[in-house]
Amino acid sequence: MSVAEALEYVNENDVKFIRLAFCDIFGVQKNISIMPNVLPRAFEFGIPLNAVMLGGVDFQTRLSLFLVPDPKTISVLPWRPKQGRVVRFFCDIKNADGTAFIADTRNILKQSVKRITDMGYRCFSGADCEFYLFKTNENGEPTFTPYDSAGYCDIGPFDKCENIRRAICLALEEMGIVPECSHHESGFGQNEIDFCNADPLMTAEHLITLRSVVKAISAVNGAFASFLPRPTESLERSSLHLNISLFENGQNMFRSAGSQQSAVVKQFIAGIMDKIDQITLFLNPLKTSYDWNAPSFSKDETFKNWPICWASDNYSQLIRIPAVRGEYSSMEIRSPDSSCNPYLAFALLLQAGADGIEKNMTVKEPVNMNRMLMEESDLADCKMLPSNHLEAVKSAQNSDFVKRVLPEMIISAYIKRISSECLPKDEITELFEAM
């Protein structure tokens, strides 16, 4: 919608409340509600925002910031009353002079998309998002009891989450977001919802919307939703698989045969593989993000490293090329989890891929074997992802690439949060406070 069309929609559809949504540095959605008569002013001048509300911003920085809604992102919240509707806009965060706020992660992604576009390519992305549903007690508070004991792709009556997933998908559809598929995942109470491809900015906001919709619909149905990478040690890890494809002149440059990619695609993949250890702090920002479910080379200890390899349709490797043909061919990055800020995740991945193209980077041959069965000798030439949050911090701190893409304010905020996680505290409380 244009500004005029958005104002007309609000006036003609009994809208009484407008949520101006934005994310803090860590990707946590927040909002300010305004009344319909204030919306024209919001479009023209913005609505004042205290910078302290943006998690991670230095408390001494008392900037005058403004939320400016993007009319294209208007969406009705279907779980709110039909009479006196509530709509939501995602917003850009601006300085008083109208320039972009340096730590607005939405704008950082916009700049990354622009770089790809200026190179003559168009990027599309999708996401496969996993999350857990837990039972609540008589007071409506979350427990650590999974909502069911079903497994991968089980059906009812074992899959007790199916009605909640159905309600979530219908709510998303009402909001203009089309889920591609949904199913029960392998962990007790674990679910997955996948999105159709869209431009990276839209996909990032689909993920942010999904988190709010899942939590709202789950609460209505007496469940508690968690997007933590591992809510308890006994449960399977929840991942966020990100899919990226490149188009040139309307044609998808990815091919279903993994090793038979064009030179540009291989350069793009090489760029991401070259930088992914440096950006892992932002793809996996919590202490509990770093259990990769991999065995030890010695087979006696838990091995938490993940080799930086790519593969042709191999689910165990870091990057795979799914056996999907035509316009749906893409690459899938399998290490991120849903505790990340999706704006930053896509921004860093796109910038890394763009570097790969500009520098004509080369990628090694795909490793088409199960990483769980790989021996140390198989990985002689492979780098590893950081095995824990402290290694991820060091990789980010030492990265000229990260310092080029992200402002120091964001880098230091992530490092400070990781440091605070290292302090002794009750593990259960820490897990639920993290999201």
Side-chain angles (χ1 to χ4, degrees), residues 1-55 64-94 96 98 101 104-107 136 140 164 167-179 193 201-225 227 341-343 435:
M1 290 188 178
S2 65
V3 169
E5 289 170 333
L7 291 172
E8 182 180 4
Y9 181 91
V10 167
N11 290 332
E12 294 181 355
N13 287 274
D14 192 31
V15 173
K16 297 299 184 186
F17 292 93
I18 298 162
R19 292 187 179 180
L20 303 183
F22 63 100
C23 284
D24 67 12
I25 286 175
F26 303 116
V28 178
Q29 183 179 330
K30 299 178 180 295
N31 71 252
I32 292 176
S33 292
I34 61 173
M35 305 304 285
N37 64 302
V38 182
L39 186 57
R41 174 159 61 94
F43 281 127
E44 186 172 2
F45 302 108
I47 298 300
L49 169 70
N50 189 338
V52 176
M53 292 179 63
L54 292 172
S64 297
L65 299 177
F66 295 85
L67 293 178
V68 179
D70 182 344
K72 296 187 297 296
T73 64
I74 186 172
S75 186
V76 176
L77 303 188
W79 61 90
R80 303 297 294 161
K82 299 297 182 184
Q83 293 184 332
R85 287 177 172 174
V86 180
V87 300
R88 181 219 62 201
F89 292 93
F90 280 110
C91 297
D92 293 311
I93 305 174
K94 303 284 190 179
F101 174 52
D104 180 5
T105 58
R106 187 175 197 259
N107 184 63
T136 55
I164 297 180
I168 291 167
C169 289
L170 291 175
L172 290 170
E173 192 172 42
E174 284 191 61
M175 299 177 75
I177 300 172
V178 182
I193 294 178
L201 180 64
M202 187 177 293
T203 300
E205 290 175 345
H206 285 175
L207 285 167
I208 295 165
T209 300
L210 173 71
R211 293 196 295 220
S212 64
V213 171
V214 168
K215 287 182 175 291
I217 299 296
S218 299
V220 170
N221 287 272
F224 174 80
F227 289 87
N341 180 334
Y343 291 133
M435 285 293 286

Less than 3.5 Å apart, which donor and acceptor atoms pair up between the side chains of residues 71-79 and the rest of the protein, not counting sequence neighbours?
residue	atom	partner	partner atom	Å
K72	NZ	D70	OD1	3.2
T73	OG1	D70	O	2.7
T73	OG1	F90	N	2.8
T73	OG1	F90	O	3.4
S75	OG	M175	O	3.3

Side chain to side chain, I193 and L210, heavy atoms closer than 4.5 Å: yes
S64 and K94, any side-chain heavy atoms less than 4.5 Å apart: no
Keeping the roles fixed (side chain from D24, backbone from F26), state whether a donor-acceptor pair exists under 3.5 Å. yes
Do E5 side-chain atoms and S2 backbone N/O form a donor-acceptor pair below 3.5 Å? yes
Contacts of D92 meeting side-chain hydrogen bond (donor to acceptor under 3.5 Å, both in side chains) (sequence neighbours excluded), chain-then-number -> R106, K110
Distance-only donor-acceptor hits, side chain of residues 8-21, under 3.5 Å, sequence neighbours excluded:
residue	atom	partner	partner atom	Å
N11	ND2	L7	O	3.1
N13	ND2	Y9	O	2.8
D14	OD2	G84	N	2.8

Trace of the side chain to side chain contact (heavy atoms under 4.5 Å, CB included) decision for I32 with L49: CA-CA 9 Å; I32 292 176; L49 169 70; 4.0 Å; yes
Does a side-chain heavy-atom distance below 4.5 Å link V68 with F45? no
What distance separates N221 CG from I164 CD1, expressed to the nearest 0.5 Å? 4.5 Å
Within the structure provided, determine whether I208 and C23 are in side-chain contact (heavy-atom separation under 4.5 Å). yes
Mind checking whether F22 and Q29 have side chains closer than 4.5 Å, heavy atoms only? no
What do you reckon, is CD of E173 surrounded by more than 12 foreign heavy atoms closer than 6.0 Å? no
Which value, rounded to the nearest 0.5 Å, describes the distance between T209 atom OG1 and I177 atom CD1? 4.0 Å
